[in-house]
There are 2 protein chains.
Amino acid sequence: MYMPSKEYRQRVIEELVEREFISTQAEIAEHLSRRGINVTQATISRDVNELRLVRLPAGNGQHRYRSTPLAAQEDVVGELAQRFKLFVRDLDRGENLLVVTTDEGHAAGIAYVVDKLDRDEIVGTLAGQNTILVVCRGAQQAEALLDEFESLLE
Amino acid sequence: MYMPSKEYRQRVIEELVEREFISTQAEIAEHLSRRGINVTQATISRDVNELRLVRLPAGNGQHRYRSTPLAAQEDVVGELAQRFKLFVRDLDRGENLLVVTTDEGHAAGIAYVVDKLDRDEIVGTLAGQNTILVVCRGAQQAEALLDEFESLLE
DNA sequence: CTTTACTCGGCATATACATGCATTATGACC
DNA sequence: GGTCATAATGCATGTATATGCCGAGTAAAG
C-alpha cells in the first residue's frame with residue numbers, strides 16, 4: 001500500500017498550519033486526507049510533537065496551531081538529551097542535591113550544558129572527573145529535576 | 001473569604017512558567033496553592049488562554065508551558081475582534097465571497113485590519129462605505145473564515 | 001435596601017491530545 | 001528469500017484541557 005513518507009507528511013503539516021487557521025489535530029488530519037494523506041490523530045499528535053508546533057490561544061477561546069521560532073531557543077534541551085544518553089551513567093539525589101555520574105572525564109562537558117539550561121531552580125553545578133553535583137533550591141525542585149533528567153535517558 | 005485578584009494570580013502564573021519547568025495546568029495549580037492561591041484547573045485553563053501561554057513540545061514527549069513572544073505578532077487578531085464588535089453589523093457569504101456590513105463609514109477601517117491578517121486564503125478585500133467584500137480562494141475557505149469572524153462577534 | 005448587570009470561579013463534563021501495546025512496514029544482513 | 005532489528009502507525013484508552021451552566025460576589029442604578 002502506498003504511503004507518503006513521514007517526512008513529506010510533516011512538511012505538508014508545517015505548510016498547512018502557516019497557510020490555514022487550524023485549531024485541532026483532527027482538522028489537520030482532515031486537510032491531509034484531502035491531499036490523499038490518511039493518518040489518524042495519534043500520528044499527528046506525534047508529528048506535532050516532533051515538529052514542536054504549538055497551539056496558540058487567541059485569547060478568546062480560539063486556538064491556532066503555529067510553528068514556533070521558540071524552537072531554536074529550546075535546542076539546549078535536545079543537546080542535553082543527546083549528551084546524557086551518551087555519557088551519563090547514573091542519577092541520584094540527596095535532599096536538594098542531584099548527583100550525576102558520567103563516563104570518566106565527561107563531567108565538565110555535561111555540567112556545561114546543564115548550566116546552559118539556565119534554570120532558576122538550579123543554584124549551580126560542581127563538576128569533578130566523572131561526577132557532577134547539581135545544587136537545587138530545594139528538595140522538591142531537585143526531585144522534579146531528577147524526574148526530568150531520568151526521562152532523558154530512556 | 002480572601003481571594004487574591006485574578007490579575008495578581010495571572011502575574012504569578014506568568015512568572016512561574018518562566019522560572020520553572022511546568023508541563024500541565026494541574027502543576028500550575030499545585031505551585032499556586034503552595035503560594036496560597038487556590039483555584040481549580042478550569043480557572044487556570046482560562047488564565048492560560050487569556051495570557052496566551054503555549055505548551056511547547058520538547059520533541060521527546062515532554063511539554064513545557066511558556067509565555068510567547070508570538071503574542072505580539074498575533075495582536076492583529078485582538079484588534080480585529082475589538083473593531084468587529086464595535087462596528088460590524090452583519091456577515092454573509094456567497095460562494096467564495098464574504099460580505100461584511102459595518103456601521104456607516106467604517107468599512108475601510110475594518111478592511112484595513114482584515115488585510116493586515118495577511119491570510120493566505122484571502123485573495124483581497126474591497127471596501128465601500130459600509131460594506132466590505134472579502135474575496136477568498138474558495139468557498140471552503142470562505143466558509144471557514146465566516147465561522148471565524150462570526151465567533152469574533154460573540 | 002432592592003434590582004440589575006456583570007465578572008469570576010467551581011463543578012461536571014465534553015473535547016482534545018498523548019501514549020502503551022500490538023501490528024505492520026522498512027531495511028540491513030546473511 | 002529468510003531473519004533480525006528498527007521505525008512507523010493504528011487502536012483503544014489514559015491524561016489533559018476547554019467549556020456550559022450555575023451560583024456567589026460586586027458595583028451601579030433606582
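Chain A is the first sequence line, chain B the second, and so forth, proteins listed ahead of strands; every chain is numbered from 1.
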> So which heavy atom on B/Phe21 is nearest to which on B/Glu27, and how close?
Replying inline: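 The pair with the smallest heavy-atom distance is O-OE1, 3.8 Å.
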Counting just side-chain N and O atoms, does [X] come under 4.0 Å of either OP1 or OP2 of [N]?
X	N	result
B/Arg9	C/dG9	yes
A/Ser45	C/dC17	no
A/Gln25	C/dT15	no
A/Tyr65	C/dA16	no

> Is any side-chain heavy atom of A/His63 less than 4.5 Å from a side-chain heavy atom of A/Leu56?
Replying inline: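 The answer is no, as the side chains (C-beta and beyond) never meet within the 4.5 Å cut-off.
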Value in whole Å for how far the [atom2] atom of [N] lies from [atom1] of [X]:
X	N	atom1	atom2	result
B/Gln10	C/dC8	CD	P	9 Å
A/Ile44	D/dC11	CD1	C1'	15 Å
B/Arg55	C/dT15	CZ	P	20 Å
A/His63	C/dA16	NE2	P	9 Å
A/Gln41	D/dG14	CD	P	15 Å
A/Ile13	D/dT9	CD1	C1'	13 Å
B/Arg64	C/dA18	CZ	P	18 Å
A/Glu50	C/dC17	CD	C1'	15 Å

Nearest to the side chain of [X] - [options]?
X	options	result
A/Ala42	D/dC11, D/dT17, C/dG10	D/dC11
A/Thr24	C/dA16, D/dA18, C/dG10	C/dA16
B/Lys6	D/dT17, C/dA18, C/dG9	C/dG9
B/Arg46	D/dA8, C/dG10, C/dA18	C/dG10

> Where the side chain of A/Arg64 meets the backbone of A/Val17, is there a donor-acceptor pair that is under 3.5 Å apart?
Replying inline: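 A pair under 3.5 Å: yes.
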> When you match B/Thr40 and B/Pro57 each to their closest nucleotide on DNA chain C, which lands nearer the 5' end?
Replying inline: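 Mapping each residue to its closest nucleotide by heavy atoms, the 5'-most match is B/Thr40.
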> Can you tell me if B/Glu18 and B/Ser67 form a side-chain donor-acceptor pair at under 3.5 Å?
Replying inline: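 The answer is yes; a qualifying pair exists.
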>> Quiz question: by atom type and distance under 3.5 Å, do the side chains of B/Gln41 and B/Ser45 form a donor-acceptor pair?
In response: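 Absent: no donor and acceptor within the cut-off.
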>> Among residues at least two apart in sequence or on other chains, which ones pass side-chain contact (heavy atoms from CB on, under 4.5 Å) with B/Glu30?
In response: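 side-chain contact (heavy atoms from CB on, under 4.5 Å) list for B/Glu30, sorted by chain: B/Arg34.
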> Quick one: side-chain contact (heavy atoms from CB on, under 4.5 Å) partners of A/Glu143, sequence neighbours excluded?
Replying inline: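 Partners of A/Glu143 under the side-chain contact (heavy atoms from CB on, under 4.5 Å) test: A/Arg93.
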> What does A/Thr43 touch in the nucleic acid at a heavy-atom separation under 4.0 angstrom: a base, only the sugar-phosphate, or nothing?
Replying inline: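 Sugar-phosphate contact only.
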> Would you call A/Arg137 and B/Glu20 a salt bridge, using N to O less than 4.0 angstrom?
Replying inline: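 No, A/Arg137 and B/Glu20 are not salt-bridged.
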> Given axes from five pairs at either end, by how many degrees does the helix from C/dC1-D/dG30 to C/dC30-D/dG1 bend, rounded to 10°?
Replying inline: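 One end axis against the other gives 30°.
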